[in-house]
Protein chains: 2
Amino acid sequence: MGRRRPGTPTLEEVAAHARVGRGTVSRVINNAAGVKESTRRAVQQAIEELGYVPNLAARSLAGRRADAVALVMTEPDWRQFAEPFFSEIVRSLGDALTDTGLQLLLTLVRSDAERQRFLEYARGGRVDGVLLMSVHAGDPLPDMLAEARLPTVLLGRRSGEEYVSYVDADNIGGARSAVSHLLRQGRRVIATITGPLDLYAAQCRLRGYEEALASAGLEGAPTRVAESDFTAESGRRAMAELIARHPDIDGVLAASDTTAAGALEALRAAGRRVPEDVAVIGFDDFSLAQRTEPRLTTVRQPIEEIGRAMIRLLLEEMEEGAVAWRHVILRTELVVREST
Amino acid sequence: MGRRRPGTPTLEEVAAHARVGRGTVSRVINNAAGVKESTRRAVQQAIEELGYVPNLAARSLAGRRADAVALVMTEPDWRQFAEPFFSEIVRSLGDALTDTGLQLLLTLVRSDAERQRFLEYARGGRVDGVLLMSVHAGDPLPDMLAEARLPTVLLGRRSGEEYVSYVDADNIGGARSAVSHLLRQGRRVIATITGPLDLYAAQCRLRGYEEALASAGLEGAPTRVAESDFTAESGRRAMAELIARHPDIDGVLAASDTTAAGALEALRAAGRRVPEDVAVIGFDDFSLAQRTEPRLTTVRQPIEEIGRAMIRLLLEEMEEGAVAWRHVILRTELVVREST
DNA sequence: CAAGCAAACGGGAGCGCTCCCAACCTTTGG
DNA sequence: CCAAAGGTTGGGAGCGCTCCCGTTTGCTTG
């Protein structure tokens, strides 16, 4: 296959054109110190005139780095793809990377073949580090990356696992404070709509819910727990179910803002007033939470901080060569609005 | 920054270990012909034993190709991100690439700075070609890529533009046949919920709608056109508006299946029966169309073919060096189910 | 049995860059 | 005025691979 592009000027040609040595041009394009201002300008002009663009393959080879990191989504996260959580994370990572000079590449891994292909890509040195969206418990990718000694940071823990770097939000604490808030309001029949329970984050939020009830001397009944897949539609369905099972329901903690929005609709359809009859709390605090009617009380996940922390950890690992595992758990915060 | 990974074995070392020359090892890892079977096995064993992984930067440099293509999403498409259309396209492209040996990289371009950064990445030779999600009319990226002579294929035309390669569905024809179908059923007050009208595809579908009405001797009233942004929520809102404006409405063509699903809800809320009182037609024929109640009559977009065509065009351009623009318009097809 | 041919194979010559050290040029202080 | 101390600059030595050509090997054929 002849995938070659027409003759691009090389650094050497730029050097000749500017009547300087290769080293000087290299210093200029890398913004390195130790170049006289006049020389720098001359080189820059030569670059301009020749339309020079550095060959990144050569730079990678000589410099032993790719200047790129991958954000990998494995199949189970695919559903998140359609949810704001995903785009918020991507945005936040993008922001966190802006002045590192690193290019962010999203990659989808949907099968073993694709996993293998990505691994070759990463081990082949095309990326300097890997960010993983919260992966399934059984996914072998983190271990494979670890074995290849590729700097890796997970978004969201997998159950209790420590031998991998991750950034996560305090889901338990967030859910607990949300339910405590409901209890303080005098709500007594409190249900929860969970996320997919094969996700550790969803398990944690459920645990927080249970803990809050327990410490108030109440007991959570399994019938007050309904599972969703984070979508509005599933939230609506779950809420309808909960109403049917517990007509006296007066409080709900939803898995996400999107789910909560679905729950609000189901409540409206059932003729319940929010927050008078039923209080609703979401999770995430994305922009959606302020556009619902009534506006949503919700547990804020610090998305910006999550993105920044992931990049920070990854950079540290890249610097030191993946010699340690780092964990960051970010505090969540209850944002009270009109739905409680 | 020391982003170096520990000493990986090189091809040279593999060659030494297998007691063959570099060329032979290269032939083996590239599955090239002209290697005796016994030699091949010996080399493969050496590769195995040493845990050799080819250095892709070196391969890129020497081979003058990246073995990767980028799928770029610019800001305006960001909203599509959350829609099934996007994930379907990605899936379809992934499938189409499986045995080309090309890695698919998604890239988000949200600002001029990021556009510039991506351009350097692409011009620097890190990808062999670029796929663009349907871009805004004013986006300079296609021209920039063309100037850099990078093989590029757009998904979806921009209004009437020919000097770029693209793959698109016959949106006009699809909308026309949908509306004709409604007319044949004797529907007379037919409205449409369009997509964002700054998207050429949305304009085309609107045109198909108008053409079908015109050729039946009817006239489309502006009050029968409501704009959506492809989301279910906006579909619901648009439908509610249309009902209010035209209580005698008996047919609707929606911008997408998602929008149609929203419209179905609004109709249900308004107490209209589907299809008895109002017939609804969607667009796309994604899996959602079969999960609505009633199941959706819809205009099928051949997603698989779109993905395959995009890859085919891109490979052709990569082969020949972007010397021509290629256009493919794929036929759409009305799939009749229960909502009409 | 020698000549001839094709299939296998080895390795030189880059690909375009970074790294780094030696060489050169200024400046400054004694 | 000269030497030491910096500040600049040039370019050699790779980075690890592919390409390609010349050589070797293994057969076939006259």
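In the text below, chain A, chain B and the rest are named by the order of the sequence lines, each starting its count at 1.
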Can a side chain N or O of B/S26 be found less than 4.0 Å away from OP1 or OP2 on D/dC17?
no
Does B/N55 or A/S38 map to a spot on DNA chain D nearer the 5' end, using the closest nucleotide for each?
A/S38
Side chain of [X] - closest among [options]:
X: B/L11; options: D/dT9, C/dG12, D/dC17; value: D/dC17
X: A/T24; options: C/dC9, C/dG10, D/dG10; value: D/dG10
X: A/V20; options: D/dG10, D/dC19, D/dG16; value: D/dG10

Rounded off to whole Å, could you give me the [atom1]-to-[atom2] distance for the [X] and [N] pair?
X: B/R126; N: C/dG16; atom1: CZ; atom2: C1'; value: 13 Å
X: A/L61; N: C/dC19; atom1: CG; atom2: C1'; value: 13 Å
X: A/I29; N: C/dG16; atom1: CD1; atom2: C1'; value: 10 Å
X: A/E12; N: C/dT18; atom1: CD; atom2: C1'; value: 13 Å
X: A/R123; N: D/dG16; atom1: CZ; atom2: P; value: 15 Å
X: B/R59; N: D/dC15; atom1: CZ; atom2: P; value: 19 Å
X: B/R22; N: D/dC20; atom1: CZ; atom2: C1'; value: 12 Å
X: A/N30; N: C/dT18; atom1: CG; atom2: C1'; value: 8 Å

Between [Y] and [X], is the closest basic N to carboxylate O distance under 4.0 Å?
X: B/R41; Y: B/E48; answer: no
X: B/D139; Y: B/R115; answer: yes
X: B/R22; Y: B/E13; answer: no
X: A/R65; Y: A/D128; answer: no

Is [X] side chain donor-acceptor paired with the [N] base, going by distance under 3.5 Å alone?
X: A/R64; N: C/dT18; answer: no
X: A/R19; N: D/dG10; answer: no
X: A/R27; N: D/dT8; answer: no

What I'd like to find out is whether the side chain of B/L93 reaches to under 4.5 Å of the side chain of B/I311, using heavy atoms alone.
yes
Contact nearer the 5' end of DNA chain C, comparing B/V35 with B/A58:
B/V35
Which comes earlier along DNA chain C counting from the 5' end, the contact point of B/A33 or that of B/A62, where each point is its nearest nucleotide?
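In this pair, the answer is B/A33.
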Main-chain N/O of A/A32 paired with A/N30 side-chain donor or acceptor, under 3.5 Å
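Side chain of A/N30 to backbone of A/A32: no pair is present.
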Near DNA chain D, under 4.0 Å by heavy atom, which residues of residues 42-50 of chain A?
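Nucleic-acid contacts, sorted: none.
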May I ask you to decide if the ring planes of A/Y163 and A/W325 are parallel, tilted or perpendicular, using 30° and 60° as cut-offs?
perpendicular
Would A/Q45 and A/E49 count as having a side-chain donor-acceptor pair, cut-off 3.5 Å?
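Indeed, the side chains of A/Q45 and A/E49 share at least one donor-acceptor pair under 3.5 Å.
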At 4.0 Å (heavy atoms only), tell me whether A/G23 reaches a base, stays on the sugar-phosphate, or touches nothing.
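Base contact.
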Mind checking if B/S60 touches a base, just sugar-phosphate, or nothing, with heavy atoms under 4.0 Å?
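No contact at all - B/S60 keeps every heavy atom at 4.0 Å or more from the nucleic acid.
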